Amino acid sequence: MPRFAHSDFEFDYLDEGDGDPVILIHGFASNKQVNWVSPGWVKTLVDAGYRVLALDNRGHGGSSKSHDPSDYSPELMAGDAIALLDQAGVGRAHVMGYSMGARNAAFVALQAPHRVGALVFGGLGRGMIEGVGDWDPIARALLADDPATITDPQGRAFRKFADQTKSDRQALAACIERSRKLLSPHEARRITAPALVAVGTKDDIAGDPDGLVDVLGNGTSFAVEGRDHMLAVGDGTFKKRVIEFLAENPL
C-alpha cells in the first residue's frame, strides 16, 4: 500500500484507474477499504473511466494515529486530502465524502476551490450546518472498558463498528471531539461547485439533504430509498446517481 507524509502524519492511500480523478474521503471510524473498496465504489468509478484516489484519514486505518483532539479539525483533515492530490500530481479533481468525510470534503472546497470539480456529499445533509446530535455518548462508548456496559444505541453501534475494523478507539474518541465543527451558512454559500447531497431515507444522523441544498450555491439532492446511515453508502442507486452526476459535470 503506498504511503505519503504530511503535517507529521503518514497516510495509507490508493491510486487506481485512469481518467478524470476522483478523491474519496471516508467517514468516522471507517477506512478506505471499508467505506470505498468493499462496497464497490472504487471498482464502479474505475469501470466508469475515472482515476480513484482514497486515503485513510488521520487516526484511521493504516494512517498515523494521534490521541490529541487538536489534531482532528476538519480543516486539518481537508489539508490531508489536498496533500494527497499534490502527492498524486493532480491539479483538480472531483471530491466525494461520506458522513465525516462529506464535512471534510466541504472544507476542501473552502480551502482550495480551484482544485475541486464536482462534489458529492454522502450521508450528511442539513446536519453539516446544524449538527447531528449528541456524540458524547459515542465517545464514551469508544472508551468504555467493557462494551456490555454501553446503553446508548448509537454508542453501541459505533463501538461495534470500531471493534470490527480493529480501530484505535482512543484516536477515534479524540477525533470525534474536534471533527464535528459545523459549516456556517455563510461558508456553505461560498461553495459554488456543483454538489450532489445524497442521504438515506432512513438515516437518522445526517439531517435533511434538501436543507443543505437550500443553502449551497449549486446543489441537488438524492434520496437513497430505504437505507439508513450505515447501509446507504453501498446502495446501487446511489452509485448510479453519482456516475450520472459526475458525467453531467466533467472537469
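Because only heavy atoms are used, hydrogens play no part in the values below, and waters and symmetry mates are left out as well, while side chains stay in. Please read all numbers here as calculations on a predicted model, not as lab measurements.
In terms of modelled atom types and a separation under 3.5 Å, the side chain of T201 and the main chain of A223 share no donor-acceptor contact. Within the 3.5 Å criterion, the main-chain N or O of A162 finds no donor-acceptor partner in the side chain of K166. When atom types are taken as modelled, the side chain of K239 and the backbone of P39 share a donor-acceptor pair closer than 3.5 angstrom. Without hydrogens or angle criteria, H26 side chain to N57 main chain gives a donor-acceptor distance under 3.5 Å. In terms of modelled atom types and a separation under 3.5 Å, the side chain of S30 and the main chain of G27 share no donor-acceptor contact.
L124 and I176 fall within the same hydrophobic cluster, where Ile, Leu, Val, Met, Phe, Trp and Tyr residues are linked whenever their side-chain heavy atoms come under 4.5 Å apart, directly or through other members. If you chain together hydrophobic residues whose side chains sit under 4.5 Å apart, Y50 and V46 fall into the same group. Cluster annotation: L76 is not connected to I23 through the hydrophobic network of ILVMFWY side chains, with a link wherever side-chain heavy atoms come within less than 4.5 Å. M100 and V37 are members of different hydrophobic clusters when ILVMFWY side chains are connected at heavy-atom separations under 4.5 Å. Criterion: ILVMFWY side-chain heavy atoms under 4.5 Å apart, direct or through other members. Under it, M77 and F11 are part of a common hydrophobic cluster.
Nearest heavy atom pair, residue A195 against residue F121, reads CB-CE1, 4.1 Å. The two atoms that bring G59 and Y72 nearest to each other are CA-OH, 3.5 Å, heavy atoms only. Between L119 and F245, the closest heavy-atom pair is O-CE2, 3.3 Å. The heavy-atom pair separating L246 from A118 by the smallest distance is CD2-CB, 4.1 Å. G125 approaches V199 most closely through the heavy-atom pair N-CG2, 4.0 Å. A139 approaches A173 most closely through the heavy-atom pair O-CB, 4.3 Å.
Annotation: side chain of Q33 is in contact with side chain of S38 (closest heavy-atom distance under 4.5 Å). Looking at heavy atoms from C-beta onward, V108 lies in side-chain contact with V116 at the 4.5 angstrom threshold. Under the 4.5 Å side-chain criterion, counting only non-hydrogen atoms from C-beta, L84 is not in contact with D80. Using a 4.5 Å heavy-atom threshold, the side chains of F158 and L172 count as separate. Two residues are said to be in side-chain contact when any heavy atoms from C-beta on lie closer than 4.5 Å; V197 and D210 fail this criterion. Counting heavy atoms from C-beta on, the side chains of V242 and T44 never come closer than 4.5 Å. The shortest side-chain heavy-atom distance between D15 and Q87 does not fall under the 4.5 Å cut-off.
W41 and F238 have their aromatic ring centers within a separation under 6.0 angstrom.
A salt bridge is absent between D203 and R227: the closest approach of a Lys/Arg side-chain nitrogen to an acidic carboxylate oxygen does not fall below 4.0 angstrom. The pair D163-R169 meets the salt-bridge criterion, with a side-chain N (NZ, NE, NH1 or NH2) lying under 4.0 Å from an Asp/Glu carboxylate O. Using a cut-off of 4.0 Å between Lys/Arg side-chain N and Asp/Glu carboxylate O, D152 and R159 are scored as not salt-bridged. Here D86 pairs with R115 in a salt bridge; the nearest charged N to carboxylate O distance falls below 4.0 Å. A salt bridge links R241 and E248; the closest N-O separation between the charged side-chain nitrogens and carboxylate oxygens is under 4.0 Å. Look at D12 and R3 and you find a salt bridge, because one of the NZ, NE, NH1 or NH2 atoms lies within 4.0 Å of a carboxylate O, short of that distance.
In this structure, L110 CG and E187 CD are separated by 5.5 Å, a value rounded to the nearest 0.5 Å. Put simply, CZ on F107 and NZ on K181 are 5.0 Å apart, with the number rounded to the nearest 0.5 Å. Taking CG from D71 and CG from D8, the interatomic distance works out to 8.5 Å, rounded to the nearest 0.5 Å. Considering CG of L183 and CZ of R126, their distance stands at 10.5 Å, rounded to 0.5 Å. Note that OG of S179 and CG of N104 are 7.5 Å apart. Values are rounded to the nearest 0.5 Å. Atom CG of residue L55 and atom NE2 of residue H60 lie 10.5 Å apart, to the nearest 0.5 angstrom.
Counting heavy atoms of neighbouring residues, nucleotides and ligands inside a 6.0 Å radius, atom CG of D145 does not exceed 12 of them. In this structure, D134 places its CG atom where more than 12 heavy-atom neighbours from other residues, nucleotides or ligands lie under 6.0 Å away. Applying the 6.0 Å contact sphere to NZ of K43 captures no more than 12 heavy atoms from other residues, nucleotides or ligands.
The aromatic rings of W135 and F28 stand perpendicular to each other, their planes meeting at an angle above 60°, with 30° marking the opposite boundary.
At a cut-off of 3.5 Å, with distance as the only test, no side-chain donor of H94 or N249 sits close to an acceptor on the other residue. Between the side chains of T237 and D235, at least one donor-acceptor pair of N or O atoms lies under 3.5 Å.
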* May I have the step-by-step check of side chain to side chain donor-acceptor pair (under 3.5 Å) for S70 and D68, ending in yes or no? => CA-CA 5 Å; S70 67; D68 182 351; 2.9 Å; yes
